[in-house]
Amino acid sequence: MSKLPNTGTTIFSVMSALAAEHKAINLSQGFPDYDCSDELKALVNEAMQLGHNQYAPMPGLLPLREAIAGKIKDLYQQHINPDTEITITPGGTYAIFTAIAAFIHPGDEVIIFEPAYDSYIPNVLVNGGKPVLIPLSFPDYHISWDEVRSKITPRTRMIIVNTPHNPTGSTLREEDMAELEKLVTEHNLLVLSDEVYEHLVFDGARHESALRYPGIYRNSFVVFSFGKVFHNTGWKMGYCIAPEHLTKEYRKVHQYLCFSVNTPMQYGLAKFLETPAHYLELPAFYQQKRDYFLELMKNSRFTPLASQGSYFQLMRYDRISNEGDKDFAIRLTKDSGVAAIPVSAFYQNGKDDHVIRFCFAKKETTLEAAALKLTKI
């Protein structure tokens with residue numbers, strides 16, 4: 001009997017397959033169409049040639065964990081113990097699942113904001129938890145903290161936040177973190193903070209990491225992704241930061257799920273992080289892509305919503321069609337040769353605001369070709 005009877009193939013796989021079938025430009029799935037750093041690849045290759053090809057330690061290589069701790073101190077003024085608070089994982093989605101598996105018991109309630117990254121709800125369900133779904137307020141996708149308070153019960157165990165947010169590109173603000181900190185303190189909630197796009201924050205804004213707030217961090221799992229920020233999603237490399245008492249339980253599950261993570265890539269990343277410019281330059285790099293895509297699309301009949309972070313741009317199409325977003329996205333792929341993701345796919349009830357998601361982590365030539373097609377609609 002299925003543990004996930006209502007789960008089928010993800011919309012990402014569906015739209016990417018449709019794009020391939022119709023030879024459409026794929027702005028649907030969230031991955032770059034350009035390669036990662038030659039320097040980083042050379043560092044990984046060097047590690048392989050030096051014989052670093054056997055199991056890494058279960059928590060991850062210490063030099064990599066030390067480099068991460070140094071980065072966290074510089075960025076967020078938080079002292080993290082690399083021995084007891086950092087675990088290297090095979091990607092961010094794995095890190096999210098492990099936190100839920102380690103702490104959610106049957107009947108525990110987990111607050112999830114929709115539209116939501118597609119792994120959250122199945123992760124909770126497969127571990128016997130109950131997702132408590134709260135919609136973000138359209139069209140700027142902000143959290144109504146009064147509604148959050150109204151949904152907290154004695155069974156509430158965890159709240160999942162995501163900043164910068166996938167799929168909307170919204171970000172949490174300092175006042176949001178203050179409200180979250182109050183709830184954590186008052187109700188002793190666990191926080192799962194998905195921050196895989198931490199360096200993709202635009203217009204001079206500050207990334208409001210859970211790591212900045214001791215009152216939040218003491219109950220938090222903070223998840224990051226090397227793949228998302230260093231343009232190598234296929235490497236499946238990430239990490240989870242949590243206080244020692246939480247990390248201890250987290251690693252109990254981690255050691256039986258995968259035990260350890262790709263060794264030469266850990267060596268390469270440890271050396272790559274020695275140059276802070278590799279991540280400090282990312283906000284400007286991705287903002288240029290966002291702005292260029294918006295400039296290309298300014299004469300189209302699509303209406304952009306604010307993208308404050310991530311590498312996604314939402315667009316309304318109400319000046320083009322009144323059909324449902326899934327039907328529109330399929331037609332856009334087949335007839336116009338550009339694939340996007342319907343945002344209703346990120347809601348359990350299929351809430352449809354007639355908005356689709358484009359990924360702008362693409363070469364300029366790719367964005368130009370896509371915009372040329374989209375502006376003709």
Side-chain angles (χ1 to χ4, degrees), residues 11-45 91-92 164 166-169 196-203 225-237 265 268-269 272 275 277-300 302 304-315 317 329 332-342 356-377:
I11 190 66
F12 311 107
S13 298
V14 170
M15 294 309 299
S16 287
L18 196 66
E21 179 185 350
H22 293 274
K23 296 181 173 55
I25 299 169
N26 190 357
L27 301 189
S28 61
Q29 199 164 356
F31 60 82
D33 67 347
Y34 43 85
D35 204 1
C36 64
S37 160
D38 287 338
E39 178 186 349
L40 178 54
K41 289 187 289 185
L43 290 169
V44 171
N45 184 59
N166 176 16
T168 70
V196 299
Y197 299 101
E198 66 167 327
H199 297 301
L200 282 60
V201 178
F202 309 139
D203 305 311
S225 167
F226 289 119
K228 292 295 188 186
V229 298
F230 290 145
H231 328 313
N232 47 27
T233 59
W235 290 15
K236 297 301 295 180
M237 296 291 294
M265 288 175 180
L269 286 163
F272 197 65
T275 304
H278 288 143
Y279 50 85
L280 295 178
E281 293 172 351
L282 288 168
F285 175 81
Y286 275 106
Q287 182 172 334
Q288 187 276 332
K289 289 189 174 294
R290 180 202 66 176
D291 293 349
Y292 188 59
F293 183 53
L294 289 174
E295 177 67 20
L296 292 169
M297 291 289 288
K298 70 179 183 180
N299 293 323
S300 77
F302 290 88
L305 300 180
S307 176
Q308 300 161 336
S310 79
Y311 47 48
F312 301 116
Q313 175 64 59
L314 297 193
M315 294 274 187
Y317 58 87
L332 190 69
T333 306
K334 292 180 176 179
D335 296 349
S336 298
V338 180
I341 296 289
I356 57 176
R357 189 196 79 176
F358 294 105
C359 174
F360 56 78
K362 307 295 178 182
K363 299 172 186 173
E364 288 192 357
T365 52
T366 304
L367 296 176
E368 290 163 2
L372 185 63
K373 294 173 179 289
L374 294 170
T375 52
K376 291 179 179 178
I377 299 172

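Note that the numbering runs from 1 along the sequence shown for the chain.
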What heavy-atom pair brings Pro342 and Ala329 nearest, and what distance separates the two atoms?
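Nearest heavy atoms, Pro342 then Ala329: CD-CB, 4.0 Å.
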With [X], which residues qualify under side chain to side chain donor-acceptor pair (under 3.5 Å), at least two apart?
{"X": "Ser307", "result": "none"}
{"X": "Ser13", "result": "Thr10"}
{"X": "Gln313", "result": "none"}

[X] side, atom [atom1]; [Y] side, atom [atom2] - distance, nearest 0.5 Å:
{"X": "Cys359", "Y": "Lys289", "atom1": "SG", "atom2": "NZ", "result": "10.0 Å"}
{"X": "Leu282", "Y": "Glu198", "atom1": "CG", "atom2": "CD", "result": "9.0 Å"}
{"X": "Phe360", "Y": "Asp291", "atom1": "CZ", "atom2": "CG", "result": "8.5 Å"}
{"X": "Leu332", "Y": "Leu27", "atom1": "CG", "atom2": "CG", "result": "9.0 Å"}
{"X": "Gln308", "Y": "Leu200", "atom1": "CD", "atom2": "CG", "result": "13.5 Å"}
{"X": "Ile356", "Y": "Tyr317", "atom1": "CD1", "atom2": "OH", "result": "7.5 Å"}

Going by the rule side-chain contact (heavy atoms from CB on, under 4.5 Å), which residues pair with [X] if we only count those two or more places apart in sequence or in a different chain?
{"X": "Asp335", "answer": "Arg331"}
{"X": "Ala277", "answer": "Thr275, Glu281"}
{"X": "Asp33", "answer": "Lys362, Lys363, Thr366"}
{"X": "Ser28", "answer": "Met15, Ser16, Asn26, Ala339, Ile341"}

Decide yes or no for [X] and [Y]: does some side-chain heavy atom of the first lie under 4.5 Å from some side-chain heavy atom of the second?
{"X": "Tyr279", "Y": "Val229", "answer": "no"}
{"X": "Phe358", "Y": "Val338", "answer": "yes"}
{"X": "Phe293", "Y": "Met315", "answer": "yes"}
{"X": "Glu364", "Y": "Gln288", "answer": "yes"}
{"X": "Thr233", "Y": "Ser225", "answer": "no"}

With a 3.5 Å cut-off and sequence neighbours excluded, list the donor-acceptor pairs that the side chains of residues 369-377 form with protein atoms.
{"from": "Thr375", "atom 1": "OG1", "to": "Ala371", "atom 2": "O", "distance (Å)": "2.8"}
{"from": "Thr375", "atom 1": "OG1", "to": "Leu372", "atom 2": "O", "distance (Å)": "3.3"}

From CA spacing to verdict: side chain to side chain contact (heavy atoms under 4.5 Å, CB included), Asn232, Met237
CA-CA 9 Å; Asn232 47 27; Met237 296 291 294; 5.9 Å; no
With [X], which residues qualify under ring-ring contact (aromatic ring centres under 6.0 Å, His included), at least two apart?
{"X": "Phe230", "result": "Phe272"}
{"X": "Tyr292", "result": "none"}
{"X": "Tyr286", "result": "His231, Tyr311"}

Ignoring hydrogens and angles, tell me if any N or O in the side chain of Gln287 forms a donor-acceptor pair with the backbone of Asp203 under 3.5 Å.
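Yes.
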Ignoring hydrogens and angles, write down the donor-acceptor pairs under 3.5 Å from the side chains of residues 35-43, residues two or more places apart or on other chains.
{"from": "Asp35", "atom 1": "OD2", "to": "Lys41", "atom 2": "NZ", "distance (Å)": "2.4"}
{"from": "Ser37", "atom 1": "OG", "to": "Glu39", "atom 2": "N", "distance (Å)": "3.1"}
{"from": "Ser37", "atom 1": "OG", "to": "Leu40", "atom 2": "N", "distance (Å)": "3.1"}
{"from": "Asp38", "atom 1": "OD1", "to": "Lys41", "atom 2": "NZ", "distance (Å)": "3.3"}
{"from": "Glu39", "atom 1": "OE1", "to": "His278", "atom 2": "NE2", "distance (Å)": "3.2"}

